[in-house]
Amino acid sequence: MRPRIRLATWPRLAVVLTDTPHPSCPDCNGEGGHNRDYGDHETGEYAGTEWDPCPCWNENRRWPLLPLPRLPRRRHPDVDPWGTGYSDEPPF
């Protein structure tokens, strides 16, 4: 296992320790897997791409280290939070 510290956003903002692909893997060259294009069986046209993970890496292996606080949302984004809404400078 080759741990790395990352920022995760789902299901909650947190700092996590994750596994990374082996950099000298002969199968994936450190990419962690392969993209495989596939076509429609009837027409033979391109239909999409699938991701095949390499056995040198487990993309589901992660451990949360530190949950980060959620920032409160401002209820009125157009209101100046430092002002009272009134100004005594011209124009009034």
Side-chain angles (χ1 to χ4, degrees):
M1 185 173 128
R2 291 143 312 277
R4 178 177 288 171
I5 295 176
R6 294 280 180 150
L7 180 68
T9 58
W10 180 258
R12 185 177 172 185
L13 192 62
V15 175
V16 296
L17 187 66
T18 63
D19 187 19
T20 57
H22 196 280
S24 60
C25 176
D27 294 332
C28 68
N29 294 326
E31 298 279 329
H34 305 283
N35 287 330
R36 184 171 49 92
D37 297 332
Y38 62 93
D40 188 357
H41 293 290
E42 295 177 8
T43 63
E45 295 290 323
Y46 172 78
T49 304
E50 288 185 353
W51 172 258
D52 294 329
C54 184
C56 75
W57 174 51
N58 184 354
E59 59 187 331
N60 296 324
R61 189 182 301 166
R62 62 184 65 201
W63 297 275
L65 298 177
L66 177 69
L68 298 176
R70 296 181 188 187
L71 297 175
R73 293 185 181 216
R74 290 176 35 187
R75 295 184 187 268
H76 304 288
D78 55 334
V79 177
D80 184 11
W82 294 278
T84 60
Y86 298 103
S87 174
D88 58 354
E89 294 183 9
F92 297 107

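Computed from a predicted model, the values in this text were never measured in an experiment.
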Residues two or more places apart in sequence or in another chain: which of them pass side-chain hydrogen bond (donor to acceptor under 3.5 Å, both in side chains) with [X]?
| X | answer |
| --- | --- |
| Asp52 | Arg36 |
| Arg4 | none |
| Tyr46 | Thr49 |

Quick one: list whatever passes side-chain contact (heavy atoms from CB on, under 4.5 Å) with [X], sequence neighbours left out.
| X | result |
| --- | --- |
| Asn58 | Asp19, Asn60, Arg61 |
| Thr43 | Asp40, Glu45 |
| Trp51 | Asn35, Pro53, Trp57, Glu59 |
| Pro64 | Val16 |

Open item on the list: Measuring from atom OG1 of Thr18 to atom CG of Leu7, what distance do you get when rounded to the nearest 0.5 angstrom?
Closed with: 11.0 Å
Task: Nearest-0.5 Å distance that lies between atom CG in Leu17 and atom CG in Leu66 - done: 12.5 Å
Open item on the list: Show every side-chain hydrogen bond (donor to acceptor under 3.5 Å, both in side chains) that has at least one partner inside residues 20-30, sequence neighbours left out.
Closed with: His22-Ser24
TODO: Please name the pair of heavy atoms, one in Cys25 and one in Cys54, separated by the smallest distance, quoted to 0.1 Å.
DONE: SG-SG, 3.6 Å
Task: Minimal non-hydrogen separation, Pro21 against Gly30, with atom names - done: CB-O, 3.8 Å
